[in-house]
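Below is one structure, written out as C-alpha cells, with a few remarks after it.
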Amino acid sequence: MEEVRRIMAELDWSPLWISMKTGVVATVISFFLGIYAARKSVQAGPRLKAVLDGILTLPMVLPPTVAGFFLLLIFSVRRPFGAFLYGNFDIKVVQSWAGCVIAATVIAFPLMYRNARAAFEQIDINLIHAARTLGMSEFRIFWTVVMPTAGPGVTAGTILAFARALGEYGATSMLAGNIPGKTGTISQKIAMVIQDGDYLTAGVWVGIVMVIAFGMIFMLNLLLGRRMRHIKRW
C-alpha cells in the first residue's frame, strides 16, 4: 500500500487530462454527427439505409489499427489531403492532439449513431404527425418532440461514445503517436509502463480507468432508470 501511495504522489497526470479532453471533444463531435447521420438514415429508403448503415458502422467492427491505417492514408503530409491541410492552413494532424480527437471520434461515432438510430426508429410516428398538424416546423419537431422522446437512447449513446473515446488506443497510436504531455493517453501510458515491466504503475492506471468506467456505467443506469420508472417490471 505504501508503494501505491508513493506512485500516486509521483504520478504524471497528463495522460488522464489528455484522455479526458480528447473524450469530451470527440463525444461532442460524435453527438452532433451521430444525431444527423441517424436522422438521415431513418428517413432514407431501405437500400440507401443499408449502405449508409454499413459504412457508418464499419469503424465499430474493424480493428482500430485498420481505422488508424485509413486515417494515416488521409491525413499524412505525404498524401494529397494531408499535404493540402499542412501547406495551405499549416494544420498537421499526424503526431498532434488533433489526431487524438479525430481517431477517437471515428472509433466512438458508431456507438452514438447506432444508439440514436435505434431510438429514432422506436418513436411513434403519430407524435410527429400530430406536431405537424399543429403547424410546428420540422426543426422544432425534431428538438421538442423527437429528441425528448428518444432521450434514453441518445443518452446511452453519448455516454458509451465518451467511454469508447476515453479508452481508444489502436487508431490513436497510429495517427497521433505517443508523445508525453501532448498525445500520450491513458491507454498508451498503460501499454508503455507494461512494456517497461512496471506492473504496479500499470495497475494504478488500470484502477483509475476502472473507477471512471464504473462511474459512467452508474451514471448511465441512473439516468435511464429515472426515465424508465413508469414502466412496470415484468
Side-chain angles (χ1 to χ4, degrees), residues 19-44 46 48-64 66-68 70-71 100-125 127-128 131 138-172 175 185-187 209-231:
S19 295
M20 291 295 290
K21 68 179 183 179
T22 298
V24 170
V25 175
T27 302
V28 172
I29 296 173
S30 297
F31 176 84
F32 289 103
L33 290 181
I35 292 295
Y36 177 80
R39 185 184 183 188
K40 292 299 181 181
S41 178
V42 170
Q43 295 174 343
L48 179 58
K49 182 178 180 179
V51 174
L52 286 175
D53 193 60
I55 295 174
L56 297 176
T57 310
L58 203 58
M60 187 169 65
V61 297
L62 288 175
V66 175
F70 283 114
L71 290 174
C100 290
V101 174
I102 291 173
T105 301
V106 169
I107 299 301
F109 168 82
L111 287 170
M112 185 68 232
Y113 161 73
R114 295 286 296 187
N115 279 273
R117 198 202 72 181
F120 291 161
E121 289 176 340
Q122 295 178 14
I123 294 176
D124 187 355
I125 191 65
L127 293 175
I128 298 176
E138 293 297 322
F139 180 84
R140 187 179 177 187
I141 290 173
F142 181 76
W143 289 107
T144 61
V145 178
V146 175
M147 283 298 290
T149 306
V154 173
T155 300
T158 304
I159 294 177
L160 292 174
F162 176 75
R164 187 65 186 87
L166 186 70
E168 163 52 28
Y169 173 72
T172 302
L175 184 64
T185 61
I186 290 179
S187 299
V209 172
M210 291 181 66
V211 169
I212 296 174
F214 178 80
M216 289 187 293
I217 294 172
F218 177 80
M219 185 186 302
L220 175 60
N221 290 329
L222 184 63
L223 292 173
L224 296 183
R226 289 179 177 176
R227 294 265 188 169
M228 305 298 288
R229 281 179 182 174
H230 65 281
I231 299 178

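Computation of the quantities below employed the complete heavy-atom set of this structure, encompassing side-chain atoms and omitting hydrogens, waters and symmetry-equivalent molecules.
The shortest heavy-atom contact between Leu111 and Leu160 is CD1-O, 3.7 Å. When all heavy atoms of Asn115 and Gly157 are compared, the closest pair comes out as CB-CA, 3.6 Å. Taking both residues in full, the closest heavy atoms of Pro64 and Gly170 are given as CB-CA, 3.9 Å, listed atom of the first, atom of the second, then distance. In terms of heavy atoms, Val101 sits closest to Ile29 at CG1-CD1, 4.0 Å. Shown here for Ala171 and Ile107, the closest heavy-atom pair between the two residues is CB-CG1, 4.1 Å. A pairwise comparison of heavy atoms in Ala116 and Gly34 identifies CB-O, 4.4 Å as the closest pair.
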side-chain contact (heavy atoms from CB on, under 4.5 Å) for Asp53 and Tyr113? Distances and angles first, verdict last.
CA-CA 9 Å; Asp53 193 60; Tyr113 161 73; 3.0 Å; yes
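In this view, Thr172 satisfies the side-chain hydrogen bond (donor to acceptor under 3.5 Å, both in side chains) rule with no residue, not counting sequence neighbours. Glu121 is linked by a side-chain hydrogen bond (donor to acceptor under 3.5 Å, both in side chains) to Lys49, Arg117, counting only residues two or more places apart in sequence or in another chain.
The closest side-chain heavy-atom distance from Phe120 to Phe142 is below 4.5 Å. Side-chain contact between Phe31 and Val154 is present, with heavy atoms from C-beta onward closer than 4.5 Å. A 4.5 Å side-chain heavy-atom check between Thr158 and Phe162 finds every atom pair outside the cut-off. The shortest side-chain heavy-atom distance between Thr185 and Glu168 does not fall under the 4.5 Å cut-off. Using a 4.5 Å heavy-atom threshold, the side chains of Val145 and Arg140 count as separate.
Distance check: Ile123 CD1 to Met147 CE gives 9.0 Å after rounding to the nearest 0.5 Å. The distance from the CG atom of Leu52 to the OG1 atom of Thr57 is 9.5 Å, given to the nearest 0.5 Å. From Leu56, atom CG reaches atom CZ of Phe109 across 4.5 Å, with rounding to the nearest 0.5 Å. A distance of 8.0 Å separates CE in Met20 from CD1 in Ile186, rounded to the nearest 0.5 Å.
At most 12 heavy atoms of other shown residues, nucleotides or ligands fall within 6.0 angstrom of atom NZ in Lys40.
Between the side chain of Ser30 and the backbone N or O of Met112 there is no donor-acceptor pair closer than 3.5 Å.
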